[in-house]
Every structure is written in structure tokens, then in C-alpha cells.
A.B. asks: 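Take this structure first; my questions come after.
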Amino acid sequence: MRFFCLHMHSLELCETLYAEFGPQHWWPGETPFEIIVGAVLTQNTAWSNVENAIANLKRARLLTPTKLARAPLSKIRAAIKPSGYYNQKALRIKKIAQYLAKNYGDDLTRFLSQPVCSLRHEVESWKGVGPETRDSILLYAAQKPVFVIDAYTVRVAGRMGMTDKRAYRELQAFFESSLPKNPRLFNEFHALLVHLGKNYCRKTKPLCASCPVKTRCRRRIRR
DNA sequence: GGCCAGGTCAAAG
DNA sequence: CTTTGACATGGC
């Protein structure tokens with residue numbers, strides 16, 4: 001394992017992580033719509049559970065805006081059950097599907113190729129889409145240069161002493177201002193941070209043997 | 001059996 | 001404006 005040093009610069013950390021772990025191939029989804037649905041389903045839920053839910057939706061042929069928009073709630077609920085919170089998530093993804101189907105049909109090209117500000121405005125008007133889900137959609141479905149902040153990002157940044165910021169927008173500004181505004185870089189870096197966090201940053205476990213920072217980091221991200 | 005996972009919303013303080 | 005509780009499954 002390489003040496004992940006405290007107070008390392010963002011780009012330096014990104015390059016070190018990439019050299020160590022390689023490309024993460026995010027977002028694991030075949031279409032933008034699948035990424036949008038997955039972004040909602042993965043809220044506070046392990047990705048392995050979401051994989052099952054997505055597989056069920058695919059098997060039921062529900063993973064297009066028009067199909068999901070017409071599907072009965074009971075069917076959606078049953079399909080996404082493994083991802084947890086299935087009652088509210090079923091309502092939310094159906095509502096999103098109805099919005100997309102009505103305004104764009106099944107081809108989301110026109111939707112995704114809007115300028116960031118109008119796309120962001122549209123996406124954040126959806127119920128069930130908060131800051132992280134919104135930015136995941138902007139970055140991973142639409143390839144806009146928006147840095148996604150999640151619990152892992154906060155933990156890793158805090159533990160590595162990169163910044164003491166806690167609020168979502170401040171953290172986002174920190175990363176975006178310390179990196180080239182490149183969506184592919186944002187994509188890979190965020191995925192690598194999650195990978196690092198998953199494997200070396202649970203609870204009070206140190207990041208690695210040579211970087212024994214044990215500061216307890218709160219999971220909650222302030223708005 | 002308890003804790004945690006690629007959060008969000010509404011209601012209350 | 002900040003804090004709290006509800007939402008729910010599956011893996012370790």
C-alpha cells in the first residue's frame with residue numbers, strides 16, 4: 001500500500017489513489033436513466049442491495065422512463081424491495097419517471113445536454129433528490145463538472161486533514177477549487193475516495209498503518 | 001443481535 | 001437556522 005500522507009493536496013491524492021487502485025468504472029449503470037434511478041435507490045443503502053433492485057427492475061422491463069412511469073406502484077415496490085425504504089423510494093422514482101417521460105420521453109439526450117444551471121434546477125425540484133443525489137446525477141449521468149460530496153468524502157477529507165470544512169457546499173467548493181474542472185477527473189476521484197473510505201476508513205479504523213489518524217468523523221453532512 | 005450502508009424530508013426546537 | 005425521527009433491507 002502506498003503512503004497516503006496527511007495534508008496531501010487533492011490532485012496528488014487522486015493520482016496516488018489511481019496508481020494504487022486503478023479505474024473504478026463509475027457509475028455502474030448502462031444508461032443515464034439507470035444511473036438516475038440507482039442514485040435514488042442507493043441513498044443510505046449498501047450498493048449490493050441496489051444491484052439486486054436494479055436487476056429486478058430490468059427483469060420486469062421497467063428501466064425506462066415511460067415504462068416506469070406507467071408501472072403500478074405495487075410492482076415497483078416489489079422490485080426495489082432489496083434496496084430498503086421501498087415505499088418512499090418507489091413513489092419517488094415513479095414520480096421522476098413520470099416527469100422525464102412527460103417532458104422528454106425515453107431519450108434523455110436533450111435533458112442531459114442542457115447547461116448545468118438549468119439541469120441542476122430541474123433535478124433538484126424532484127422530491128427525494130437532495131444535494132448528493134442531485135450532484136451524482138449531474139456528474140455521473142450528465143458528465144457535468146460537479147464534485148459529489150458524500151459521507152465517505154467527508155470522512156476521508158477530515159481524517160486526512162485536507163480541510164476542516166463540514167458543510168456540503170464548503171466541501172464541494174474546496175474540492176472543485178483545488179482541481180482542474182474536469183468531469184472525468186471528478187468522477188474518478190470521488191469513486192476512489194469512496195473505495196478508500198470503504199476499505200480503510202470505517203468507524204475509527206485508521207486509514208492505513210502508515211497513516212494512523214483515528215479522529216472520529218461524524219457521518220452527518222451539514223447542509 | 002447490533003451496527004452500518006455511495007441520504008432525504010417533515011416536523012420540531 | 002439547526003436538530004431529530006422516520007424510512008427498511010441485507011451483510012458482517
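Basis for what follows: all heavy atoms, side chains included, without hydrogens, waters or symmetry-related copies. A, B, ... follow the sequence lines: proteins, then strands. Residue 1 opens every chain.
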A.B. asks: Contact class for Val40(A) (heavy atom, under 4.0 Å): base, sugar-phosphate, or nothing?
C.D. replies: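 The residue Val40(A) makes no contact with any strand.
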A.B. asks: Need one value for Lys89(A): base, sugar-phosphate or nothing, where a base atom within 4.0 Å counts as base even if backbone is also close, heavy atoms only.
C.D. replies: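 It contacts nothing in the nucleic acid.
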A.B. asks: Give one of base, sugar-phosphate or nothing for Asn52(A), where a contact means two heavy atoms less than 4.0 Å apart.
C.D. replies: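 No contact.
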A.B. asks: Round to a whole Å and report the spacing from CZ of Arg166(A) to C1' of dC1(C).
C.D. replies: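 Interatomic distance, CZ of Arg166(A) to C1' of dC1(C): 19 Å.
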A.B. asks: Is the distance from OP1 or OP2 of dA5(B) to the nearest side-chain N or O of Arg155(A) less than 4.0 Å?
C.D. replies: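 For Arg155(A), the contact criterion (side-chain N or O under 4.0 Å from OP1 or OP2 of dA5(B)) is met.
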A.B. asks: Give the nucleotide from the list dA10(B), dT9(C), dA5(B) with an atom nearest to the side chain of Asn49(A).
C.D. replies: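 Selected nucleotide: dT9(C).
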A.B. asks: Report the distance from atom CH2 of Trp47(A) to atom P of dG7(B), rounded to the nearest whole Å.
C.D. replies: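 The distance from CH2 of Trp47(A) to P of dG7(B) comes to 12 Å, rounded to the nearest Å.
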A.B. asks: Go nucleotide by nucleotide along DNA chain C from the 5' end; which of Ser48(A) and Gln43(A) gets its closest nucleotide reached first?
C.D. replies: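 Between the two, 5'-proximity favours Gln43(A).
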A.B. asks: Honestly, is Lys165(A) close enough over Phe174(A), meaning NZ or CZ under 6.0 Å from the six-membered ring centre and within 45° of the axis?
C.D. replies: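 Judged by the rule, Lys165(A) and Phe174(A) form no cation-pi pair.
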A.B. asks: How close or far is atom P of dG7(B) from atom OH of Tyr85(A), stated in whole angstroms?
C.D. replies: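 For the pair Tyr85(A) OH and dG7(B) P, the rounded distance is 10 Å.
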A.B. asks: CG of Asn44(A) versus P of dG7(B): gap in Å, rounded?
C.D. replies: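 Whole-Å distance recorded here is 6 Å.
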A.B. asks: Nearest of dT8(B), dA5(B), dA8(C) to any side-chain atom of Thr133(A)?
C.D. replies: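 Output: dT8(B).
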A.B. asks: Could you tell me the separation between the NE2 atom of His25(A) and the CD atom of Glu188(A), rounded to the nearest 0.5 Å?
C.D. replies: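 One finds 7.5 Å between NE2 of His25(A) and CD of Glu188(A).
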A.B. asks: Specify the separation, in whole Å, of atom NZ of Lys198(A) and atom P of dC3(B).
C.D. replies: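 The distance from NZ of Lys198(A) to P of dC3(B) comes to 22 Å, rounded to the nearest Å.
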A.B. asks: Could you give the distance from CZ (Arg92(A)) to CG (Asn87(A)), rounded to the nearest 0.5 Å?
C.D. replies: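 Here the interatomic distance stands at 11.0 Å.
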A.B. asks: How close or far is atom P of dT9(C) from atom OH of Tyr86(A), stated in whole angstroms?
C.D. replies: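 Distance check: Tyr86(A) OH to dT9(C) P gives 5 Å.
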A.B. asks: Given atom CG of Leu41(A) and atom C1' of dG10(C), what is their separation to the nearest angstrom?
C.D. replies: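 Leu41(A) atom CG is separated from dG10(C) atom C1' by 15 Å.
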A.B. asks: Between dA5(B), dG7(B), dA8(C), which nucleotide has the shortest distance from any of its atoms to the side chain of Tyr152(A)?
C.D. replies: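 Of all the options, the side chain of Tyr152(A) is nearest to dA5(B).
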A.B. asks: Closest approach to the side chain of Glu132(A), judged atom by atom: which nucleotide of dA8(C), dT9(C), dT8(B) is it?
C.D. replies: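 From the listed options, dT8(B) comes nearest.
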A.B. asks: Check whether the side chains of Asp135(A) and Gln172(A) place a donor and an acceptor atom closer than 3.5 Å, and report yes or no.
C.D. replies: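 The answer is yes; a qualifying pair exists.
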A.B. asks: Would you kindly give the CG-to-C1' distance between Asn87(A) and dT8(B), to the nearest whole Å?
C.D. replies: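 Whole-Å distance recorded here is 15 Å.
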A.B. asks: Minimum heavy-atom separation for Pro183(A) to Leu139(A), with atom names?
C.D. replies: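 In terms of heavy atoms, the two residues are closest at O-CD1, 3.5 Å.
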